[in-house]
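Below is one structure, written out as structure tokens; the observations come after it.
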Amino acid sequence: MLVLVGYASEHGSTRGIAERVALVLAETGIAAEARPVADVGDAGVYDAFVLGSAVHANAWLPDASRFVERNRALLAERPVWLFSVGLARVVGGWFEAHAPEPREVSRWREELLPRGHRTFAGALLKEHLPGAGRLAYRMMHGRYGDFRNWPEIDDWAQDVARSLPAGIRTTGTRTAGARTAGPARPADHGRRAS
Ligand SMILES: Cc1cc2nc3c(=O)[nH]c(=O)nc-3n(C[C@H](O)[C@H](O)[C@H](O)COP(=O)(O)O)c2cc1C
């Protein structure tokens, strides 16, 4: 029994969250594997899915959207959780109010009936944005830094672990520990909010 924590990440912050979720699942005795969705061949080998993506222009990255669309029939039959990683919560104001959820997530909520969807605050460095993007971000009073909230991520992962059907749990951590490479606790990934 195996859980995929699949992700699409352009600059690494979503990858860090996925690895942390997989680590928390492993700590509770669940075999979990954090992998870029673009590297997943046969999704049918997984019994449950935690899928996440960085948000760009209020949408999931194409790799992640493609994975969901390609495996839609399978995902509709198995337990699925979704997470999005963006900065709307950090920017706040108009931006947060008008971009509450990536577009496709709203659709998948109805089609796949995921057990949950959580938006986590991510990370952004100035060099990640093109010139025009920096200007727009400054006008929104956006801040640069790493805003990932590890206790919130851990709590959510523990909720997922508790909600997984009993058959997906392994006994002990034998398989899970070997499969999962994730950030150790406490993980702050070295960058500070600015
Ligand atoms: C070009 C670009 C566009 C972005 N657009 C959005 C957006 O529409 N909404 C949002 O909440 N965050 C947006 N962000 C912030 C990213 O989602 C955030 O930095 C995230 O942590 C990036 O994940 P990654 O490090 O895994 O690539 C954008 C970032 C970039 C670089």
Side-chain angles (χ1 to χ4, degrees), residues 4-25 32-40 49-68 80-109 114 116-157 160 180-194:
L4 173 69
V5 186
Y7 60 88
S9 176
E10 187 155 316
H11 296 290
S13 63
T14 307
R15 181 184 68 229
I17 291 173
E19 290 175 347
R20 183 65 167 250
V21 169
L23 180 70
V24 171
L25 295 181
E33 193 168 82
R35 295 185 70 183
V37 285
D39 294 352
V40 175
F49 297 84
V50 182
L51 302 172
S53 175
V55 177
H56 278 196
N58 198 31
W60 273 26
L61 294 180
D63 278 351
S65 293
R66 268 197 295 269
F67 179 86
V68 174
V80 176
W81 284 261
L82 305 174
F83 67 92
S84 303
V85 182
L87 288 181
R89 270 169 53 183
V90 174
V91 174
W94 186 93
F95 191 68
E96 183 182 16
H98 290 81
E101 192 170 78
R103 283 186 297 271
E104 56 279 79
V105 170
S106 306
R107 182 160 48 82
W108 293 333
R109 203 187 268 289
H117 169 250
R118 177 66 68 90
T119 298
F120 292 115
L124 185 68
L125 300 182
K126 212 173 196 172
E127 54 266 32
H128 295 168
L129 290 174
R134 281 181 211 177
L135 189 63
Y137 195 58
R138 202 163 93 194
M139 288 169 71
M140 294 178 207
H141 306 290
R143 293 173 293 148
Y144 295 101
D146 186 345
F147 303 96
R148 289 173 295 178
N149 182 329
W150 297 108
E152 181 193 0
I153 293 160
D154 288 349
D155 284 351
W156 187 75
V160 170
T180 304
R185 304 155 179 268
D188 61 14
H189 290 246
R191 290 203 302 248
R192 298 179 69 86
S194 61

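Indexing begins at 1, ligand by ligand and atom by atom, following the structure's order. Here the structure is a predicted model, which means the values were calculated and not measured.
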request  = Could you tell me how the ring of Phe120 sits relative to the ring of Trp156: parallel (under 30°), tilted (30 to 60°) or perpendicular (over 60°)?
outcome  = perpendicular

query = Which of these, Ala136, Gly133, Ala57, has its nearest heavy atom closest to atom 5 (N) of ligand 1?
reply = Ala57

query = Between the candidates Leu124, Val55, Leu87, Thr14, which shows the shortest non-hydrogen contact distance to atom 28 (C) of ligand 1?
reply =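 The nearest heavy atom belongs to Val55.
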
Give yes if a backbone or side-chain nitrogen or oxygen of [X] is under 3.5 Å from a nitrogen or oxygen of ligand 1, and no if not.
| X | value |
| --- | --- |
| Arg15 | no |
| Pro130 | no |
| Leu129 | no |
| His128 | no |
| Ala88 | yes |
| Asn58 | yes |

message = Show the atoms of ligand 1 that are less than 4.0 angstrom away from any heavy atom in Gly86.
response = 10 (C), 11 (O), 12 (N), 17 (O)

request  = Could you tell me whether Arg138 atom CZ has more than 12 heavy atoms of other residues or ligands within 6.0 Å of it?
outcome  =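 Incorrect, the count does not exceed 12.
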
request  = Just let me know how Ala123 lines up against ligand 1, side chain, backbone, both or neither, with a heavy-atom cut-off below 4.0 Å.
outcome  = backbone

